[in-house]
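See below for the structure under consideration.
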Amino acid sequence: MSVTDLMHARVSTRAFLPKPVPTATIRDLIAAAGAAPSGTNIQPWQVHVVTGTVRDQICAATRTAAVAPRERPEWIYDYYPKTWRDPYLARRRACGWGLYGLLGIQKGDREAGLAQELRNFDFFDAPVGLFLFLDRDLGRGSLLDCGMFLQNLMIAAVDQGLATCPQAAWVPFDALIRSILSIPDTQMLVCGMAIGHADPAAPVNRFRPGRLAVDEFTTWHDGQTSDSEQ
Ligand SMILES: Cc1cc2nc3c(=O)[nH]c(=O)nc-3n(C[C@H](O)[C@H](O)[C@H](O)COP(=O)(O)O)c2cc1C
């Protein structure tokens with residue numbers, strides 16, 4: 001597949017097979033991710049890969065924390081706006097209902113919604129979990145660098161026949177994850193990610209949220225009339 005085809009083939013996968021992924025393959029994905037550009041090449045990303053019992057320990061601890069609402073920590077950086085408004089609110093809702101529709105979750109069924117949310121904290125059964133951290137004292141621009149790193153990793157994964165799901169859901173559990181992985185509080189969790197083999201039989205993996213057409217978010221300032229181009 002061309003790189004463009006890989007970009008279109010990448011999807012967020014929310015059901016994985018238990019099939020393990022060789023460490024060498026994960027290393028290759030991280031190397032491809034590390035080829036991402038970063039402002040003045042500071043390469044601010046700090047990667048933690050969790051598998052086996054460490055992965056299981058993090059999943060169990062986070063699930064416990066996630067169902068104890070009063071203990072639920074704050075988001076450490078504002079990935080989402082404090083107040084939602086359209087058109088973003090409508091798009092967000094369409095995404096949520098599309099996903100829930102495939103899973104047969106009815107509007108208002110909070111228990112089923114919570115159960116699906118908690119699936120994040122099993123990495124959707126993926127055998128490999130990845131956490132991306134950043135030194136807290138860096139500028140907001142480093143979040144851009146991290147985004148490029150993560151996208152590179154996800155595209156490289158498709159190239160290897162692997163699937164991923166980027167997971168901001170882990171971010172509020174930054175302190176818990178740092179304590180288990182012995183990461184100092186000078187760093188903050190930017191994003192988690194599930195990596196593995198997609199379960200082709202799982203209905204949730206058929207979810208394909210649509211995209212806007214190019215001209216819905218692009219303004220062309222070419223200074224020419226269409227006639228003068230010809
Ligand atoms: C930074 C980031 C964080 C995300 N966090 C989550 C998450 O915590 N849980 C989840 O199920 N999906 C998460 N997603 C996936 C988005 O819902 C998904 O990218 C979007 O709906 C578009 O679908 P697609 O990735 O399949 O094209 C995240 C995506 C990004 C880019």
Side-chain angles (χ1 to χ4, degrees), residues 7-19 21 50 55-132 147 150-151 154 157-158 162-174 176-177 189-213 216:
M7 289 173 182
H8 286 292
R10 185 217 54 81
V11 290
S12 293
T13 296
R14 296 182 181 85
F16 291 83
L17 298 172
K19 190 175 168 182
V21 182
V50 295
R55 172 205 173 282
D56 297 347
Q57 187 190 352
I58 287 177
C59 289
T62 308
R63 272 199 315 268
T64 303
V67 294
R70 263 172 286 174
E71 289 171 28
R72 196 164 185 151
E74 292 284 303
W75 283 77
I76 46 168
Y77 73 96
D78 50 350
Y79 185 60
Y80 296 112
K82 287 200 168 41
T83 309
W84 284 98
R85 64 169 173 84
D86 281 331
Y88 311 107
L89 179 61
R91 290 177 197 161
R92 174 179 168 82
R93 284 188 172 143
C95 178
W97 292 124
L99 185 64
Y100 281 17
L102 264 180
L103 291 163
I105 299 174
Q106 308 294 319
K107 277 189 187 183
D109 187 346
R110 292 200 178 162
E111 207 174 310
L114 177 65
Q116 174 58 23
E117 197 188 325
L118 291 178
R119 295 282 295 137
N120 274 288
F121 308 126
D122 288 323
F123 290 108
F124 304 108
D125 295 334
V128 181
L130 183 144
F131 294 111
L132 189 63
L150 292 170
Q151 175 72 351
M154 292 188 284
V158 182
L162 293 169
T164 56
C165 187
Q167 297 179 282
W170 293 97
V171 173
F173 302 96
D174 161 80
L176 178 65
I177 294 160
L189 178 59
V190 175
C191 198
M193 187 180 288
I195 306 173
H197 295 89
D199 180 350
V204 70
N205 285 343
R206 293 203 305 269
F207 185 45
R208 297 287 179 273
R211 294 298 197 269
L212 302 171
E216 289 180 87

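Quick caveat, the model's predicted, so the values are computed rather than measured.
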N/O donor to acceptor pairs below 3.5 angstrom from side-chain atoms of residues 164-171, sequence neighbours left out:
| unit_1 | atom_1 | unit_2 | atom_2 | d |
| --- | --- | --- | --- | --- |
| Q167 | OE1 | W170 | NE1 | 3.0 |
| Q167 | OE1 | A194 | N | 3.4 |
| Q167 | NE2 | N120 | O | 2.9 |
| Q167 | NE2 | N120 | OD1 | 3.0 |

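Closest of all the heavy-atom pairs between V204 and L102 is O-CD1, 4.2 Å. Residue L99 comes nearest to F207 through the heavy atom pair N-CE1, 3.5 Å, listed as atom of the first residue, atom of the second, then distance. The two residues G108 and W97 have their closest heavy-atom pair at N-CH2, 4.4 Å. Minimum heavy-atom separation, A163 to F16: O-CE2, 3.4 Å. L150 and C191 make their closest contact through CD1-CB, 3.8 Å (heavy atoms, listed as atom of the first residue, atom of the second, distance). Of all heavy-atom pairs between H197 and L162, the closest is NE2-CD2, 3.5 Å.
The side-chain heavy atoms of V11 and R208, taken from C-beta on, include a pair separated by under 4.5 Å. At a threshold of 4.5 Å between non-hydrogen side-chain atoms, the residues P172 and W75 count as touching.
Distance alone, capped at 3.5 Å, places no donor-acceptor pair between the R92 side chain and the D86 backbone. In this structure a side-chain-to-backbone donor-acceptor pair under 3.5 Å is missing from D199 to A15. Checking side-chain atoms of Y77 against main-chain N and O of V190 turns up a donor-acceptor pair under 3.5 Å.
Atom CZ of R110 has 12 or fewer heavy atoms from other residues, nucleotides or ligands within 6.0 Å.
Qualifying side-chain hydrogen bond (donor to acceptor under 3.5 Å, both in side chains) partners for D174, counting only residues two or more places apart in sequence or in other chains: R136, R178. By the side-chain hydrogen bond (donor to acceptor under 3.5 Å, both in side chains) test, R93 pairs with no residue at all, sequence neighbours left out. Residues that satisfy the side-chain hydrogen bond (donor to acceptor under 3.5 Å, both in side chains) test with D125, not counting sequence neighbours, are R119. The side chain to side chain contact (heavy atoms under 4.5 Å, CB included) search around Y88 returns W84, R85, R91, not counting sequence neighbours. Residues meeting the side-chain hydrogen bond (donor to acceptor under 3.5 Å, both in side chains) test with Q116, sequence neighbours left out: none.
The distance from the CG atom of L118 to the OG1 atom of T64 is 10.0 Å, given to the nearest 0.5 Å. Distance check, rounded to the nearest 0.5 Å: CZ of F123 to OG1 of T13 gives 15.0 Å. Distance check, rounded to the nearest 0.5 Å: CG of L130 to CD1 of I195 gives 5.0 Å. Between atom CD of residue Q151 and atom CZ of residue R10 there is a gap of 6.0 Å, rounded to the nearest 0.5 Å. Atom-to-atom distance recorded for D122:CG and F124:CZ is 9.0 Å, nearest 0.5 angstrom. With rounding to the nearest 0.5 angstrom, the CG atom of D109 is 10.5 Å from the CG atom of L114.
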